[in-house]
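Inspection log for the structure reproduced underneath, given as structure tokens.
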Amino acid sequence: MLKLTHSCGSLRGSDAGKKVSLAGWVSSWRDHGGVVFIDIRDISGITQIVFGRDESADNEELLERAHLLRGEYVIAVSGEVILRPEGTRNEKIPTGEIEVAVSSMELLNTCRELPFDMKNMDAVSDEVRLKYRYLEMRAGRLKDNIIFKHKLFQTTRNFFSDNGFLEIETPFLTKSTPEGARDFLVPSRLNPGNFYALPQSPQLFKQLLMIGGFMRYFQIVRCFRDEDLRQDRQPEFTQLDLEMSFIDEEDIKNILQDYVSLLFKELLDIELKTPFPEMTYADAMLRFGSDKPDLRNPIEIKDITDIAARTDFKVFKQAAEKGVVRGIKLSDAEEISLSTIAALTKEVAPLGAKGLAWIRHREEGLHSQITKFFSQEILSEISERFDTVPGDILFFIADTEEVACKSLSYLRDRLFTPDENEFRLLWIVDYPLFEKDSDTGAWIPIHHPFTAPNPEDVELLNTDPGSVRSRAYDLVLNGSEIGGGSIRIHSMELQKKIFNLLNISDEEADAKFGFLLKGLEFGAPPHGGFAFGVDRLATKMLGLSSIRDLIPFPKTQRAYSPLSGAPSTVEFEQLTELGLKLDVPTKKKED
RNA sequence: GGGGUGGUAGUUCAGUUUGGUUAGAACGCUGGCCUGUCAAGCCAGAGGUCGCGAGUUCGAGUCUCGUCCACCCCGCCA
């Protein structure tokens with residue numbers, strides 16, 4: 001093959017006169033018979049090459065072969081860089097000042113008829129794009145997204161390496177733990193009947209690395225969770241995982257803040273405001289109804305349970321006794337019609353809201369179907385709490401705290417469109433350590449069972465486990481949880497106490513994660529860490545709607561790969577070798 | 001597991017409400033013409049299991065039932 005001198009995106013006007021060689025794919029062609037223009041593309045860009053314009057070459061022979069070129073044919077050409085004639089320059093591409101007058105061409109490969117239009121791939125269905133992912137990568141945005149992720153990885157490695165972190169591997173074939181997400185299992189041929197699990201995260205191993213004395217660890221690592229897929233969830237995804245010894249929350253938050261700021265600066269040239277604001281879990285739930293509020297949205301929830309308790313409006317009064325009455329204010333809301341309110345009511349119904357009360361502030365005062373239940377004093381108290389002015393509308397949910405939070409958080413998002421170019425980061429801290437399982441009533445850890453309780457609350461472990469705060473922290477970006485972590489328990493005594501509370505027996509604990517617990521007894525240092533959802537973070541940074549848009553080879557919502565055909569059945573012999581027999585429930589067939 | 005939207009040419013879609021002649025458009029594809037185009041232009045042409053299966057009907061892309069697939073959401077995701 002020809003030795004290349006340049007890439008397809010590199011030539012400029014100053015290169016005029018040079019003899020060059022380029023190779024790439026035929027992006028488009030304009031065949032005028034006596035002259036043929038080809039746009040040749042590689043990863044760096046596009047250059048126009050011209051056939052029939054080199055006086056020294058056998059143009060007749062060249063043109064004859066150029067007529068046969070089609071989309072995505074692979075060619076290498078050499079020729080002279082010439083300035084395009086006045087009036088024929090292309091402002092739209094960086095190489096538009098010049099073209100290459102071809103003196104020889106090598107056809108390196110042909111291409112079948114394309115399954116979709118390479119110039120308008122956005123419109124093509126996900127399934128077809130995934131099946132021909134390599135074509136989608138060759139041109140367009142997916143390529144840019146993948147390059148972006150490379151830069152993110154590079155910046156990440158440099159940053160953590162510069163800050164004394166070591167990049168260390170952890171096993172993919174590891175032990176199944178029934179907690180948390182469903183595991184992907186891998187049968188063991190050498191140990192029939194036994195299974196490895198693919199890691200949901202390297203959690204236990206990074207703690208062992210701390211016990212092993214590495215003090216600062218990080219890894220860009222694949223994690224696996226066999227749960228249903230979403231726009232922002234794939235069965236395998238990439239985490240930036242890190243752990244540090246002899247530190248507290250502040251150390252971790254500081255280093256992560258520096259890291260995230262650097263990413264935004266280097267990749268997007270955006271200066272983030274630091275320090276990132278911090279909010280307690282309780283505060284976030286009260287003010288935004290969510291533990292991952294989008295701070296670009298100025299709407300805040302206000303509690304009026306105290307006022308509602310003093311009204312004669314049954315819905316409010318009863319809710320005030322058993323639950324809460326909370327609301328949000330929407331300004332300049334004259335265009336919110338009764339039918340819009342009816343629609344909103346319908347939308348919050350699946351969240352448990354039995355109704356959606358509203359009050360409008362008009363020039364003549366507060367107005368609503370329910371204002372007749374309220375005295376003038378109550379009305380002005382409500383108006384004061386929300387600081388209403390004419391044009392505002394208030395929406396109320398009177399229900400359990402959970403329903404109120406969910407519904408108002410939904411409405412908050414629904415009624416405000418944030419600026420896509422704004423990035424608001426936020427720490428959420430002081431999570432409860434436990435929550436009640438809604439089915440069994442048992443205590444379950446919110447984060448994971450190795451999360452340390454707040455030292456101030458340790459006494460409460462005995463009396464009121466539900467109000468124990470944890471040393472966990474989440475980082476939230478524009479309403480999306482992009483990472484979380486905690487200070488871990490490094491004392492076996494405390495760890496045992498937590499297991500007791502979680503109703504995990506010594507035997508059970510030993511069977512599930514005994515290898516970590518044993519390590520705790522061998523001089524585990526105080527340690528803590530963090531894990532970033534890299535795909536989610538990059539998705540947010542690029543303003544993409546789905547993490548599929550920056551995963552090179554993603555799966556469909558049924559966790560199927562249209563490209564490879566995975567998952568698939570396997571040969572009977574493979575199963576036998578593993579000591580496995582299938583018992584797949586057959587779907588009921590038609591009569 | 002549940003709810004929603006969709007599936008018609010290689011691609012993106014119209015046609016389905018109200019069943020009725022040969023299922024259309026754009027782009028792409030094939031052939032031809034063409035010496036300054038750049039999403040080139042002009043002429044001609046090919047291309048369809050209307051996701052699949054059953055049913056209703058004289059007749060189904062259109063109605064009914066089932067099923068598969070894609071996407072979005074709830075559950076789930078420590």
Side-chain angles (χ1 to χ4, degrees), chain A residues 27-40 46-53 59 63 67-68 70-72 82 84-93 95-96 99 101 111-132 135 177-183 200-201 203-204 223-235 237 347 349-352 406 410 431 433-435 437-439 443-451 470 472 481 484 486 502 512-513 531 533 536 545-546 548 555-558 560 562 587-591:
Chain A
S27 173
S28 67
W29 67 100
R30 297 169 289 281
D31 187 340
H32 291 236
V35 61
V36 177
F37 299 98
I38 303 271
D39 289 340
I40 180 172
I46 286 181
T47 299
Q48 173 166 286
I49 60 176
V50 205
F51 292 83
R53 276 287 174 273
N59 279 326
L63 282 168
H67 291 316
L68 301 174
R70 293 294 181 269
E72 302 307 317
I82 52 177
R84 295 204 200 175
E86 209 57 51
T88 67
R89 301 197 173 147
N90 187 346
E91 312 268 311
K92 285 184 261 177
I93 56 173
T95 61
E99 61 196 0
C111 177
R112 292 168 55 153
E113 185 178 341
L114 296 163
F116 46 73
D117 184 357
M118 297 284 286
K119 290 195 177 58
N120 189 19
M121 291 183 289
D122 288 351
V124 179
S125 75
D126 278 41
E127 196 183 2
V128 177
R129 279 161 49 189
L130 294 193
K131 185 164 182 181
Y132 298 96
L135 291 178
T177 53
E179 268 77 27
R182 201 174 290 115
D183 282 324
Q200 297 173 25
S201 84
Q203 180 62 38
L204 302 182
C223 301
F224 306 87
R225 295 180 188 176
D226 187 6
E227 295 293 345
D228 287 3
L229 283 71
R230 285 283 192 287
Q231 208 170 28
D232 61 352
R233 280 178 6 206
Q234 282 275 310
F237 60 98
E347 289 173 35
L351 305 174
K406 272 192 187 169
Y410 172 84
Y431 277 84
L433 191 57
F434 308 114
E435 63 182 343
D437 187 305
S438 50
D439 298 330
W443 292 113
I444 50 174
I446 286 193
H447 197 55
H448 57 60
F450 317 110
T451 302
S470 77
E481 182 208 316
S486 64
L502 296 172
K512 285 175 181 168
F513 14 73
R536 268 189 207 173
S545 60
S546 170
R548 283 191 300 268
K555 310 267 191 297
T556 69
Q557 195 155 44
R558 293 214 334 147
Y560 172 74
K587 299 224 166 127
K588 54 175 192 259
K589 286 267 191 290
E590 287 287 299
D591 296 343

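Residue numbering restarts at 1 for every chain, and letters A, B, ... go by the order of the sequence lines.
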- Task: Scan every strand shown for a Watson-Crick or G-U wobble partner of B:rG24, both distances under 3.5 Å, and answer none if you come up empty.
- Result: B:rC13
- Does B:rU37 have OP1 or OP2 sitting under 4.0 Å from an N or O in the side chain of A:Gln48? no
- Task: Would you indicate what A:Asp228 reaches in the nucleic acid, counting non-hydrogen atoms under 4.0 angstrom: base, sugar-phosphate, or nothing?
- Result: base
- Is B:rU5 paired to anything, Watson-Crick or G-U wobble with both distances less than 3.5 Å, and if yes, which nucleotide? B:rA70
- Query: Checking all strands, does A:Arg112 fall into the base, sugar-phosphate, or nothing category for heavy-atom contacts under 4.0 angstrom?
  - Reply: nothing
- Query: In the strands shown, is B:rC42 matched to any nucleotide by a Watson-Crick or G-U wobble pair with both distances under 3.5 Å, and which?
  - Reply: B:rG32
- Message: Is the phosphate of B:rU35 approached by A:Arg53 (side-chain N or O, under 4.0 Å from OP1 or OP2)?
- Response: no
- Message: Any N or O donor-acceptor pair under 3.5 Å from the base of B:rC76 to the side chain of A:Arg233?
- Response: yes
- Message: So, under a plain 3.5 Å distance rule, would you say the side chain of A:Arg129 forms a donor-acceptor pair with the base of B:rU11?
- Response: no
- Please state whether the phosphate of B:rA40, meaning OP1 or OP2, lies under 4.0 angstrom from any side-chain nitrogen or oxygen of A:Ser28. yes
- Task: For A:Ser125, report the nucleic acid contact type (base, sugar-phosphate, nothing); a contact means any heavy atom under 4.0 Å.
- Result: sugar-phosphate
- Tell me what A:Gln203 touches on the nucleic acid: a base, only sugar-phosphate, or nothing, going by heavy atoms under 4.0 Å. base
- Task: Assess whether one donor atom and one acceptor atom, taken from the side chain of A:Glu227 and the base of B:rG75, lie less than 3.5 Å apart.
- Result: no
- Message: By the 4.0 Å heavy-atom rule, please label A:Ile46 as base, sugar-phosphate, or nothing.
- Response: nothing
